[in-house]
Amino acid sequence: MTVTPLVVALIAFGLAIHALPWDAMQRTAQRLRTLPAPAFALGLAVMLVVDAMRYEGVAPFIYFRF
Amino acid sequence: VPQFQQKPQLNRGMVTMGLLLIVWGLFKKAVIASELATAFVDPVFDAPMMHGRIDLILAAYGYAVQIYCDFSAYSDMAIGVAALLGYRFPRNFDRPYRAASLQEFWRRWHISLSRWLRDYLYIDALGGNRGGKTRVYRNLMITMLLGGLWHGAAWTFVIWGGLHGAALCIERWWSRSALTKAWVLPHWAKVVLTFHVVVLGWIFFRAASFGDAIAYLGGIFAPAPAQ
């Protein structure tokens, strides 16, 4: 058996975030909108750093095949 | 597209929503879909006969999560980029695995393609629900088989489309039969049943060949060898 606790956690987490309503995204955007500009910029900078550090071997999107 | 006739309206709200969708999409793709694919789903689907029943079942669920996270990420990022350019695009996914029927699933999954197939193929080209029962079932089957072939010229996609078409026909027959009143399934059971029909379809969709898909299903459903 090759399944690991991380894989099970990813499946469960993926199903959980799938259940998030679109409204949740809009409410989060609404909250972020009210942040002061420096805090917003800092958040963006952190996200860019995280993105730069991510695993390099990400496969192309599945739908690029079709 | 009416929005292209006007000057794009860009405001702080759209920029925030756009950035959020891009980051959310990046997270779903790079963290969940990619990790699931490389760590588990791809190795199991590449050699189904080398894995046990638990791995096969979990990899099928894993692929359901992977393809949702991958494709909805792609859509979210496209919607986000459009928002940064001042255009409002509709969402392409609406919690598809919460659907309580296949018909509902196709109203929630890849909404742009589903609507296109419904409006231009099922209704305009084939006549939709007009005509007798047989004609409606035929239209459903043709629409889903062509929807499958749209993904590629392979038997696995034909079977995937055929499975969805057949399930939609059975669902339609069931909803109009007297059995519906005699045997009422609770909502949660319908969601679970629909999810498993979709997962069954994903096995054909993901398998490298029809033979691999059959071997995969054999690994799940075949009785365990006697000790």
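A note on names: the letters A, B, ... follow the listed sequences, proteins ahead of strands, and every chain is numbered from 1. These numbers were taken from a predicted model, which means no experiment stands behind them.
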For residues B:Phe40 and A:Val3, determine if any side-chain heavy atom of one lies less than 4.5 Å from a side-chain heavy atom of the other. yes

Excluding sequence neighbours, so at least two apart, what forms ring-ring contact (aromatic ring centres under 6.0 Å, His included) with B:Tyr68? A:His18, B:Phe93

Give a yes or no on this: more than 12 heavy atoms of other residues, nucleotides or ligands lie within 6.0 Å of atom CD of B:Gln103. no

Between B:Leu19 and chain A, which part of the residue has a heavy atom less than 4.5 Å away: side chain, backbone, both or neither? side chain

Contact winner vs chain A - B:Val23, B:Asp70, B:Ile32, B:Asp94, heavy-atom pairs under 4.5 Å: B:Asp70

Most heavy-atom pairs under 4.5 Å with chain B, out of A:Thr4, A:Leu20, A:Val8, belong to A:Leu20

Nearest 0.5 Å please: distance from the CG atom of A:Leu6 over to the CG atom of B:Leu36. 8.0 Å

Contacting moiety of A:Gln26, where chain B heavy atoms sit under 4.5 Å: both

Does a sphere of radius 6.0 Å around CZ in B:Arg53 hold more than 12 heavy atoms from other residues, nucleotides or ligands, not counting ones at 6.0 Å or beyond? yes

Is the count of non-hydrogen atoms from other residues, nucleotides or ligands lying under 6.0 Å from B:Trp155 atom CH2 greater than 12? no

Can you see which heavy atom on B:Ala39 is nearest to which on A:Val7, and at what distance? CB-CG2, 4.5 Å

Separation between CE (B:Met17) and OG1 (A:Thr28), nearest 0.5 Å, reads 8.5 Å

So which part of B:Phe71 gets closer than 4.5 Å to some heavy atom of chain A, the side chain, the backbone, both or neither? side chain

What residues of residues 75-90 of chain B sit under 4.5 Å from chain A when you count only heavy atoms? B:Asp76, B:Met77, B:Ile79

Classify the ring geometry of B:Phe27 against A:Phe13: parallel below 30°, tilted from 30° to 60°, perpendicular beyond 60°. perpendicular

In Å and rounded to the nearest 0.5 Å, what is the CG to CZ distance from A:Leu32 to B:Arg12? 9.5 Å

Heavy atoms of A:Gly14 and B:Cys69 approach each other most closely as CA-SG, 4.4 Å

For B:Pro96, which atoms come within 4.5 Å of any heavy atom of chain A: side chain, backbone, both, or neither? both

Distance-minimising heavy-atom pair for A:Leu10 and B:Val31: CD2-O, 4.3 Å

Could you give the distance from NE2 (B:His151) to CD1 (A:Ile62), rounded to the nearest 0.5 Å? 10.5 Å

Interatomic distance, B:Asn11 atom CG to A:Arg33 atom CZ [nearest 0.5 angstrom]: 6.5 Å

